[in-house]
Amino acid sequence: MSVGANAPDPRPLTGEPLSLDLLNTLWHDRYGRYDLLDSTPGLACWLAGSRAAAVYAGGELRADRTTLTAARAARSALAGVVRRADAGPGALDAFNRLLDAGRVRRLLTAAGPVERLEASDSGRLLGYLAAADYLRLLNTAGDRLRTCANPSCGLHFHDVSRNGTRRWCSSTGCGNRAKAARHYARRTAVTTS
């Protein structure tokens with residue numbers, strides 16, 4: 001999917017925590033399969049609207065070929081541990097290598113305590129941020145990380161509903177289609193009986 005400069009984010013689900021949002025840059029629907037990270041303009045579109053936007057705006061992340069390659073590798077490493085409950089040693093190693101790209105340095109300054117993100121390579125910074133975010137989610141809300149119940153969707157989300165029973169990436173998308181399909185099945189079962 002080619003995205004022009006300053007184009008709106010074309011994905012069906014946005015605004016999720018950084019790690020899940022990175023996974024959701026690859027999606028499919030009944031019309032085809034899409035990859036927002038197929039080009040540097042797509043990466044720029046995603047960075048500008050993601051939870052890494054402040055780091056991107058500050059110039060610490062750039063939409064260049066190096067970051068694009070690292071973003072795809074980070075997405076692949078995340079997918080290896082998120083989509084499989086029994087992630088093997090190779091998937092865990094790939095994920096843990098993302099964390100090698102940076103660290104949070106805690107300092108006491110005259111203004112008080114501060115945290116500074118330090119990264120050896122700005123291209124790999126995004127992978128570090130996404131992996132750190134996923135670990136934070138696992139620690140704070142691991143039981144609320146979901147994949148859309150529509151088997152042909154596959155988008156990921158953090159369930160922030162009150163009772164924690166959200167099943168669909170979107171109530172107006174997959175949820176509405178499932179409801180309509182159930183209604184159609186009931187109606188056709190009644191008319192054929």
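Values below: every heavy atom of this structure, side chains too, minus hydrogens, waters and symmetry copies. Given the structure is predicted, the values throughout are model-derived calculations rather than measurements. In this chain, numbering begins with 1 at the start of the sequence shown.
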May I ask you to decide if [Y]'s main-chain N or O and [X]'s side chain share a donor-acceptor pair within less than 3.5 Å?
{"X": "Arg166", "Y": "Trp168", "value": "yes"}
{"X": "Arg51", "Y": "Gly15", "value": "yes"}
{"X": "Thr69", "Y": "Arg65", "value": "yes"}
{"X": "Thr67", "Y": "Arg62", "value": "yes"}
{"X": "Ser76", "Y": "Ala73", "value": "no"}

If every non-hydrogen atom of [X] is compared with every non-hydrogen atom of [Y], which pair is closest and at what distance?
{"X": "Val81", "Y": "Ala91", "value": "CG1-O, 3.7 Å"}
{"X": "Arg11", "Y": "Trp27", "value": "CG-CZ3, 3.2 Å"}
{"X": "Asp159", "Y": "Arg146", "value": "OD2-NH2, 3.4 Å"}
{"X": "Leu99", "Y": "Ala131", "value": "CD2-CB, 3.6 Å"}

Taking the side chain as every heavy atom from C-beta outward, state whether [X] and [Y] have any pair of such atoms under 4.5 Å apart.
{"X": "His156", "Y": "Leu145", "answer": "no"}
{"X": "Tyr134", "Y": "Leu23", "answer": "no"}
{"X": "Pro12", "Y": "Cys174", "answer": "no"}
{"X": "Tyr128", "Y": "Asp121", "answer": "no"}
{"X": "Leu78", "Y": "Phe95", "answer": "yes"}
{"X": "Leu125", "Y": "Glu60", "answer": "yes"}

Query - Any residue meeting salt bridge (charged side-chain N to carboxylate O under 4.0 Å, His left out) with Arg75, in chain and number order, not counting sequence neighbours - result: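 Partners of Arg75 by the salt bridge (charged side-chain N to carboxylate O under 4.0 Å, His left out) criterion, ordered by chain and then number, come out as Asp35.
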Query - Under 3.5 Å side-chain donor-acceptor pair for Asp64 and Thr66 - result: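 Side chains of Asp64 and Thr66: no pair found under 3.5 Å.
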From the list Leu37, Leu129, Leu36, side chain to side chain contact (heavy atoms under 4.5 Å, CB included) with Leu22 holds only for Leu37
Inspect the contact between Arg124 and Asp100 and indicate whether a charged nitrogen and a carboxylate oxygen are less than 4.0 angstrom apart. no
Check this for me, if you would: do Asp133 and Arg136 make a salt bridge, where the nitrogen-to-carboxylate-oxygen distance has to be below 4.0 angstrom?
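Result for this pair is yes, salt bridge flagged.
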